[in-house]
2 protein chains.
Amino acid sequence: MKFSKFGQKFTQPTGISQLMDDLGDALKSDQPVNMLGGGNPARIDAVNELFLQTYRELGNDNDTGEANSTSIISMANYSNPQGDAAFIEALMGFFNRHYDWNLTADNIALTNGSQNAFFFLFNLFGGAFVEAKDSEEQTIDKSILLPLAPEYIGYSDVHVEGQHFTAVLPHIEEVTHEGEEGFFKYRVDFEALESLPALTEGRIGAICCSRPTNPTGNVLTDEEMARLAKIARRYEVPLIIDNAYGMPFPNIIYSDVTLNWDDNTILCFSLSKIGLPGVRTGVIVAAPEVIAAVSAMNAVVNLSPTRFGASIATPLVENDAIKDLSNNEIKPFYQQQAQTAVALLKNELGDYPLMIHKPEGAIFFWLWFKDLPITTLELYDILKEKGTLIVPSQYFFPGVDVSDYQHAHECIRMSIAADEDTLAKGIAVIGEVVRKLYDEAK
Amino acid sequence: MKFSKFGQKFTQPTGISQLMDDLGDALKSDQPVNMLGGGNPARIDAVNELFLQTYRELGNDNDTGEANSTSIISMANYSNPQGDAAFIEALMGFFNRHYDWNLTADNIALTNGSQNAFFFLFNLFGGAFVEAKDSEEQTIDKSILLPLAPEYIGYSDVHVEGQHFTAVLPHIEEVTHEGEEGFFKYRVDFEALESLPALTEGRIGAICCSRPTNPTGNVLTDEEMARLAKIARRYEVPLIIDNAYGMPFPNIIYSDVTLNWDDNTILCFSLSKIGLPGVRTGVIVAAPEVIAAVSAMNAVVNLSPTRFGASIATPLVENDAIKDLSNNEIKPFYQQQAQTAVALLKNELGDYPLMIHKPEGAIFFWLWFKDLPITTLELYDILKEKGTLIVPSQYFFPGVDVSDYQHAHECIRMSIAADEDTLAKGIAVIGEVVRKLYDEAK
């Protein structure tokens, strides 16, 4: 069968398709696999217990008859294209209660997960624009500006035609972490960013960052965010913040920062990392014109978003349980995992040129093997042979030509969501392989 | 904020956006509304009881511990991009058991509802194609061929750029229905179809029809389907069948026809019309290369499809309850509704030039007001003022320039899924308004 250009773009092997295939194959495999590659959140008993309890309650809240239980209502009816109205109402109350943003229901839309939100937003603000100039219409190609590479692998392929990203390479700063050496932190290179011709000449459609950053666990500082917001306003483009790991849920964030929103900011939330990735529910908080556009895209692409995740989360948002769960269970769990991973890595590779990105949040570690004799794509293959899955760094640079940027071939993303045994075994394999590589190159 | 061309296309008011807005507004309104406009399936008690029972069981099937209940597993884990593996396995067994199609898991993918499937498929097979000709690459614009207009309103806007539909106008045949006059049936005009320049010159990417047809309730005959399949093979394009109302679930189909599949056929199923529209779950059965393409699009657009609908439906597919429910509850319910609607319409407008499309399936009636003095878009507004919602016919002709096709302005789609009281009230309003229009024009 013959596929369109659109189809061929989407069916070419991509970084994310390789990742997802490996994930799927690993879970189907008979061999034991140290899965440090995926983005599935950890299994945390207290979290699952609350969801199961909520699930059961939704099947029994039928004081006015079986057909009125929330579970049936949410299964048996479409929502409107904006998403489940009860959940939007609950979110509005929640955000206004905790942040004083003065949101109305017109500021919130739901999507079938965060990835779906970014498919919409990056095509809304990137690609071909038709603009009037000197009383004539002209077509301008605009990009999404990623102020701090590396960035999330899933962004790469979402444009319906071509790729429209411009990324700024980071300042790399050596830092300590809890008094220890061997860590680094990426910082936005504002000088490079503010002098970007694409930005100053009107070829940027939006600025976007994930915070905490997938893949690095970096958390952009409040100062960096304020400066980005100011630049976005100056050039009349929105600032999109991918808050999938951020405040107030799942709140996997250890540095002392704040969350802000204004009508030039598009905040994207997700239920995935509180432990509900299977329900595919994303939340966008933005100006009404953006919400109207997302709703219209929901209608055409999906008719309306899925409702089950909304139903499960509504009571937890109404009574703040989602915040307590995040603060009391989810955040401490990953903080503990991060400490364990640091100790294991230091033990395996303390005497080698490993640098760990300062763990500030999210569920990943970003490891930098300085001057590794092979690329981390090659390292990925060796580790995969030995049953340990990680993701090589080169896929996390949308908008960057990585062919002559060595740093992009020296890092890996490693999930810390696995149980302690898997984490220890996986890190042991990484240690053994990486030590040998450095030793042989001496 | 400035939106891209893509964004502007999606945010322009469309037929489907108007429909969805009216639906949403009507449900929010304080005024009583006779909702004959939407596509929500009927509330059928026996259906909801089975779903609620299944829902509860999924929260309790935890013999090996709470964390192993199906509900938790499906909430707390991503599926792979192809969709929930257990549901795909169950569907494979179900189709092979009832149809001998010899499917493997590589023949089935899930999507976030049927609309999402058509967004993928119409962009995969319509739009710009790059093909080699005389050892040079050329770009060809290909359309989706709709062999029988009118067709589903939701197809209209799904192309990521422009519209790429070519539709063939129907033969209109006067027929009887259960011995009564006043009915018509659309037939494919094969002569026009087979001599279409777009088809013979290679500018068709796929052929598509809904069966039963939304909006008309027409069911293409086995002979028509066989002939379409043959044409599709001859021109090496797939035949896409939108089976959302068809066999074996929800099986809202009253004529005596069969369902076929081969590797040039793409069959699209949905859980919506068995009563689960909120779960947004669509099923595609097709050749492995199509399934691989859909899975890749799932990964980029959605990471992976939602799982809850799959979890609810898996046991019902495994034990054939979905088939029994369709045959014993859903089909008889709509068949009864259709009889009621015919009687009510005949009572209101029996002496007027109303023609009803022969009710052969789906949950809609398609009414033709021959030589009505106003367009049905104008009729829609009058009825809306009086609290009765229907959908005017002009939106159901993707690929047709309706400006000089009078028939496209003389019909309405009316849902028969409402309860009997609403149906009676709505049809009474339609009768009163339409009688007056005809009477005044005399």
Side-chain angles (χ1 to χ4, degrees), chain A residues 1-7 10-11 16-17 20 24 40 45 48-49 51-52 55-56 59 66-67 69 71-72 74-78 80-81 112-113 115-116 119 123-130 157-158 160 205 238 275-280 289 293 296-297 299-303 306-308, chain B residues 1-7 10-11 16-17 20 24 40 45 48-49 51-52 55-56 59 66-67 69 71-72 74-78 80-81 112-113 115-116 119 123-130 157-158 160 205 238 275-280 289 293 296-297 299-303 306-308:
Chain A
M1 286 181 200
K2 288 173 188 157
F3 293 161
S4 68
K5 259 173 77 179
F6 172 93
F10 278 80
T11 53
I16 197 166
S17 71
M20 296 301 283
N40 212 88
D45 286 343
N48 283 347
E49 275 160 29
F51 294 145
L52 190 54
Y55 179 95
R56 288 175 181 159
E66 296 276 283
S69 82
S71 55
I72 278 298
S74 106
M75 285 192 271
N77 296 279
Y78 295 100
N80 69 25
N112 286 331
Q115 182 75 21
N116 187 221
F119 174 75
N123 283 297
L124 190 58
F125 294 109
F129 283 64
V130 179
D157 302 295
V158 302
V160 294
L276 297 173
V279 305
R280 314 303 309 120
E289 60 183 321
M297 292 190 280
V300 173
V301 175
N302 294 315
L303 211 54
T306 186
R307 301 186 71 175
F308 173 63
Chain B
M1 286 181 202
K2 289 172 187 157
F3 293 161
S4 67
K5 259 174 76 180
F6 172 92
F10 278 80
T11 53
I16 197 167
S17 72
M20 295 301 283
N40 212 87
D45 286 342
N48 283 347
E49 275 160 27
F51 294 145
L52 190 54
Y55 179 94
R56 288 174 180 159
E66 295 276 283
S69 82
S71 54
I72 278 297
S74 105
M75 285 192 269
N77 297 279
Y78 295 100
N80 69 25
N112 287 331
Q115 182 75 19
N116 188 221
F119 174 74
N123 282 297
L124 190 58
F125 293 109
F129 282 64
V130 179
D157 302 296
V158 303
V160 294
L276 297 173
V279 305
R280 313 305 307 122
E289 60 185 319
M297 291 190 280
V300 173
V301 175
N302 294 316
L303 211 54
T306 188
R307 300 185 71 176
F308 174 63

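All values below were derived from every heavy atom in this structure, side-chain atoms included, with hydrogens, water molecules and symmetry-related copies excluded. Naming: A, B, ... by sequence-line order, numbering from 1 per chain.
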S.K.: Distance-only, no hydrogens or angles: does the B:Asn40 side chain make a donor-acceptor pair with backbone N or O of A:Tyr78 under 3.5 Å?
M.R.: yes
S.K.: Is there side-chain contact between B:Leu303 and A:Arg280, with at least one heavy-atom pair below 4.5 Å?
M.R.: yes
S.K.: For the interface with chain B, which of A:Asn116, A:Thr11, A:Val130 has the highest count of heavy-atom pairs at distances below 4.5 Å?
M.R.: A:Asn116
S.K.: Check whether any side-chain heavy atom of B:Val301 sits under 4.5 Å from a side-chain heavy atom of A:Val158, and report yes or no.
M.R.: no
S.K.: Begin from the C-alpha positions of A:Lys2 and B:Phe129 and carry the test side-chain contact (heavy atoms from CB on, under 4.5 Å) through to its verdict.
M.R.: CA-CA 8 Å; A:Lys2 288 173 188 157; B:Phe129 282 64; 4.2 Å; yes
S.K.: Let me confirm one number: the CG-CE distance from A:Leu52 to B:Met75, rounded to the nearest 0.5 Å.
M.R.: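 So the gap between those two atoms works out to 6.0 Å.
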S.K.: For A:Phe10, is it the side chain, the backbone, both, or neither that has a heavy atom closer than 4.5 Å to a heavy atom of chain B?
M.R.: both
S.K.: Where does the angle between the aromatic ring planes of B:Phe308 and A:Phe308 fall among parallel (under 30°), tilted (30 to 60°) and perpendicular (over 60°)?
M.R.: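 Correct class here is parallel.
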S.K.: Would you compute the distance between atom CE of B:Met297 and atom CZ of A:Phe119 and round it to the nearest 0.5 angstrom?
M.R.: 10.0 Å
S.K.: If you look at every heavy atom in B:Phe125 and A:Met1, which pair is closest and at what distance?
M.R.: CZ-SD, 4.0 Å
S.K.: Is A:Val160 close to chain B through its backbone or its side chain, or both, or neither, when contacts mean heavy atoms under 4.5 Å?
M.R.: side chain
S.K.: Sort out for me which of B:Gly7, B:Gly278, B:Ala296 touches chain A most, counting heavy-atom pairs under 4.5 Å.
M.R.: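 Most pairs with chain A among the choices: B:Gly278.
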S.K.: Report the distance from atom CG of A:Asn112 to atom CG of B:Asn302, rounding to the nearest 0.5 Å.
M.R.: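 One finds 6.0 Å between CG of A:Asn112 and CG of B:Asn302.
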S.K.: To the closest 0.5 Å, what do you measure between CG (B:Asn77) and CG (A:Leu276)?
M.R.: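 That separation rounds to 10.5 Å.
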S.K.: Identify, with sequence neighbours excluded, every residue that meets salt bridge (charged side-chain N to carboxylate O under 4.0 Å, His left out) alongside A:Arg307.
M.R.: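 Once residues adjacent in sequence are excluded, the partners of A:Arg307 under the salt bridge (charged side-chain N to carboxylate O under 4.0 Å, His left out) criterion are A:Asp84.
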S.K.: As an exercise: rank A:Pro238, A:Ser71, A:Gly127 by heavy-atom pairs under 4.5 Å with chain B and give me the winner.
M.R.: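 That would be A:Ser71.
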S.K.: Select, from A:Ala76, A:Gly126, A:Gly113, the one with the greatest count of heavy-atom pairs under 4.5 Å involving chain B.
M.R.: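 That would be A:Ala76.
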S.K.: In chain order, what residues pass the side chain to side chain donor-acceptor pair (under 3.5 Å) check against A:Ser74, with sequence neighbours excluded?
M.R.: A:Ser311
S.K.: With a 3.5 Å distance limit and no angle check, can you tell me whether A:Arg56 reaches the backbone of B:Gly59 through a side-chain donor-acceptor pair?
M.R.: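 Side chain of A:Arg56 to backbone of B:Gly59: a pair is present.
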S.K.: Less than 6.0 Å separating the ring centroids of A:Tyr55 and B:Tyr55?
M.R.: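 Centroid distance A:Tyr55-B:Tyr55: below 6.0 Å, so yes.
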S.K.: Quick one: pull up CD1 in A:Ile72 and CG in B:Asn48 and give me the separation to the nearest 0.5 Å.
M.R.: 4.5 Å
